[in-house]
Colleague: 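Pasting a structure here, questions to come.
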Amino acid sequence: MQVFFVFSFGFLFFSSYLRGVMAEPLAERLRPRTLEEYVGQRHLLGEGAVLRRMIDAGRVSSFILWGPPGVGKTTLAHIIATRLGLQLYTLSAVTSGVKDVRDVIERASHERFFDAPSPILFIDEIHRFSKSQQDSLLGAVERGTITLIGATTENPSFEVIRPLLSRCQVYVLQPLSADELKELIERAITTDVELQKRMFELKETTAMLRYSGGDARKLLNILELVASTAPLKTTEGAQPLIVTDKLVEQLLQQNPLAYDKDGEMHYDIISAFIKSIRGSDPDAAVYWLARMIEGGEDPQFIARRLVISAAEDIGLANPNALLLANAAFDAVMKLGWPEGRIPLAEATIYLAASPKSNSAYKAIGNALSLVKRTGNQPVPLHLRNAPTELMEELGYGDGYKYAHDFPENFVEQQYLPDALKKERLWHPQHSPNEDKLSQRMRECWGERFENAKQS
């Protein structure tokens, strides 16, 4: 694996077609070189924001950038290294192994002197690193031999080992807003030499923004594709190309390379998949499943989404859905591909055909909101353990009633903090299973369950 320095950018070119038309893709020509040129992520880089404070202080600690494609993860790593004057090593998790990681760490350890800041090791697609590859980073990050900056499109909680995650902050990058995308379009049109050779007028941009899906690279690729069909200004008698939404849609349909499946396809199709399950349409759900399989989607990603859907959308209406989704996840891990498509299809159809309830999903949302609103309420004394004599003297555990000592294994007593004892967080919905749970709660708590304050 070749190691690249700060002046070297490992980005994919748009397509062979555009390579022939323009020597360097527009997204590369417009790549920001400074923080002032960087568009988006104001929650991290705006005045007083967390990453901006670290950069202005001249020292950064190890962190992982989590966000969708085309929002500036790799660019940001290069800008930070350049601004701080630090050596930058780049590895791609797709092609690197443990030996490559160790070679870079060895090289960095020899080039660091005394109290000088650590060089930066940027790992693109760090979620693709195996456990052993991630393990090989731990010592160097711990000792400060290198400052790790990782980039991932997948949830680090699932894809990054816990010891490495504990040594890094995780910063979430957001898709670019419509205003930020329009800013990029304006910058491209007014500053790019190649675009200025073409005669075109942007009458509508809605389709461009929609197809880009918050991805700056994709937006610029689309803009370049559109511009490549416009006549050159040197063409005698030529009229400007009027760019409309309809024209953009036609060009994208004719040129599938205009956008990559890992961007819009990834997010749009998984959205359609989950919404079809939620909407109880097994035909649509299994169709979108097939689209993902045919498009080369990671089967673990699909399986994880099924587990989430089982808990969020089916929930207590059919608790077996979560069991089946988990079983499908395990089966995919054991079977591999292509056989793994069968348990995925089974789980997809079962979840889509199941009754739906999001009462558990809403209950934890209500509870989190209540905690943020009311702070750290004290635990009632009768619910506290009393492992020491002093705690017993202070009344810890006094008056607690052990539910199993009472008929039906239930006894009425207060479990919420005093200030919140009238709150209701779980509101059952109507399905055969939840009706049974709701009936039991009414039998246990009577009017309190019916009339308690809704949070």
Side-chain angles (χ1 to χ4, degrees), residues 1-12 27-28 31-35 37-38 40-41 44-45 50-52 54-55 58-112 116-130 133-156 159-161 164-165 167-173 215-217 262:
M1 170 65 196
Q2 187 179 5
V3 178
F4 295 88
F5 295 102
V6 66
F7 52 82
S8 176
F9 297 94
F11 293 94
L12 296 174
E28 182 63 30
R31 184 174 304 285
R33 304 299 194 248
T34 66
L35 279 179
E37 295 177 354
Y38 191 90
Q41 317 311 326
L44 298 176
L45 298 169
V50 56
L51 263 181
R52 187 59 179 261
M54 283 201 298
I55 295 168
R59 284 186 177 271
V60 293
S61 55
S62 294
F63 59 85
I64 294 173
L65 299 172
W66 172 27
V71 295
K73 299 185 290 295
T74 306
T75 297
L76 182 56
H78 284 271
I79 289 175
I80 290 173
T82 301
R83 187 172 179 116
L84 300 185
L86 299 177
Q87 184 76 26
L88 176 68
Y89 300 95
T90 299
L91 294 176
S92 172
V94 176
T95 54
S96 303
V98 173
K99 182 180 183 300
D100 301 302
V101 175
R102 289 174 177 165
D103 286 347
V104 171
I105 292 173
E106 179 72 15
R107 191 168 182 174
S109 65
H110 289 312
E111 294 180 358
R112 188 184 178 204
S118 305
I120 292 174
L121 172 57
F122 175 70
I123 299 180
D124 195 18
E125 299 189 270
I126 194 171
H127 60 275
R128 295 183 182 272
F129 258 5
S130 67
Q133 289 170 311
Q134 293 185 37
D135 281 335
S136 66
L137 295 165
L138 292 175
V141 174
E142 183 74 27
R143 294 189 301 271
T145 305
I146 52 103
T147 297
L148 174 67
I149 299 180
T152 177
T153 56
E154 300 290 340
N155 190 331
E159 304 296 344
V160 178
I161 60 173
L164 184 57
L165 205 55
R167 291 164 170 81
C168 301
Q169 293 296 316
V170 175
Y171 299 118
V172 180
L173 276 66
D215 182 327
R217 185 188 301 109
D262 293 327

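Note that the structure is a prediction, hence the values are computed from the model and not measured. Numbering of residues begins at 1 and proceeds along the displayed sequence.
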Colleague: Go through the structure and list residues passing side-chain hydrogen bond (donor to acceptor under 3.5 Å, both in side chains) with T147, not counting sequence neighbours.
Modeller: none
Colleague: Enter the distance from Q169:CD to S62:OG here, rounded to the nearest 0.5 Å.
Modeller: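 Here the interatomic distance stands at 10.0 Å.
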Colleague: Mind checking the CG-OG1 spacing from D124 to T152? Nearest 0.5 Å is all I need.
Modeller: 9.0 Å
Colleague: Measure the CG-CD1 distance between L45 and I79 for me, rounded to the nearest 0.5 Å.
Modeller: 8.5 Å
Colleague: Backbone N or O of G72 within a donor-acceptor pair of the Y38 side chain at under 3.5 Å?
Modeller: yes
Colleague: Closest approach of T153 and W66, non-hydrogen atoms and distance?
Modeller: O-NE1, 3.7 Å
Colleague: Please round to the nearest 0.5 Å and tell me the distance separating atom OH of Y89 and atom CG of L91.
Modeller: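 One gets 11.0 Å once the value is rounded to the nearest 0.5 Å.
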Colleague: Is R33 close to T82 at the side-chain level, that is, under 4.5 Å between some pair of heavy atoms?
Modeller: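 Answer no - side chains too far apart.
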Colleague: Check D103 with R107, please: is the shortest side-chain N to carboxylate O separation under 4.0 Å?
Modeller: no
Colleague: R167: which residues meet the side-chain hydrogen bond (donor to acceptor under 3.5 Å, both in side chains) condition with it, sequence neighbours left out?
Modeller: E142
Colleague: Evaluate the criterion side chain to side chain contact (heavy atoms under 4.5 Å, CB included) for residue pair V170 and V160; output intermediate values, then yes/no.
Modeller: CA-CA 11 Å; V170 175; V160 178; over 6 Å; no
Colleague: To check you understand the geometry: which heavy-atom pair defines the closest contact between L86 and S118, and what is its length?
Modeller: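 Looking at all heavy atoms of both residues, the closest pair is CD1-O, 3.8 Å.
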Colleague: Any side-chain heavy atom of R59 within less than 4.5 Å of one from L84?
Modeller: no
Colleague: Return the CG to CD1 distance between L121 and I146, rounded to the nearest 0.5 Å.
Modeller: 5.0 Å
Colleague: Please tabulate, one pair per line, all N/O donor-acceptor pairs under 3.5 Å involving side-chain atoms of residues 133-141, not counting sequence neighbours.
Modeller:
| unit_1 | atom_1 | unit_2 | atom_2 | d |
| --- | --- | --- | --- | --- |
| Q133 | OE1 | S130 | N | 2.6 |
| Q133 | OE1 | S130 | OG | 3.2 |
| Q133 | NE2 | S96 | O | 2.7 |
| Q134 | OE1 | I161 | N | 2.7 |
| Q134 | NE2 | F129 | O | 3.1 |
| Q134 | NE2 | E159 | O | 3.0 |
| D135 | OD2 | K131 | NZ | 3.1 |
| S136 | OG | Q133 | O | 2.5 |

Colleague: Mark yes or no for whether K73, through its side chain, and P68, through its backbone, hold a donor-acceptor pair below 3.5 Å.
Modeller: yes
Colleague: Which pair of heavy atoms, one from Q41 and one from V172, lies closest together, and at what distance?
Modeller: OE1-O, 4.4 Å
Colleague: Measure across I149 and A77 and return the closest heavy-atom pair with its distance rounded to 0.1 Å.
Modeller: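 Distance-wise, the nearest heavy atoms are CG2-CB, 4.2 Å.
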Colleague: Could you go through D215 and V71, starting from their C-alpha distance and side-chain angles, then the distance that decides it, and tell me whether this counts as side chain to side chain contact (heavy atoms under 4.5 Å, CB included)?
Modeller: CA-CA 6 Å; D215 182 327; V71 295; 6.0 Å; no
Colleague: Step by step, work out the side chain to side chain contact (heavy atoms under 4.5 Å, CB included) result for I55 and R83.
Modeller: CA-CA 8 Å; I55 295 168; R83 187 172 179 116; 3.5 Å; yes
Colleague: State the CD1-CZ distance between I80 and F122, to the nearest 0.5 angstrom.
Modeller: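 Reported value, rounded in 0.5 Å steps: 10.0 Å.
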Colleague: Can you name the closest pair of heavy atoms from M54 and Y171 and give their distance?
Modeller: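 Smallest interatomic distance, heavy atoms only, reads CE-OH, 3.7 Å.
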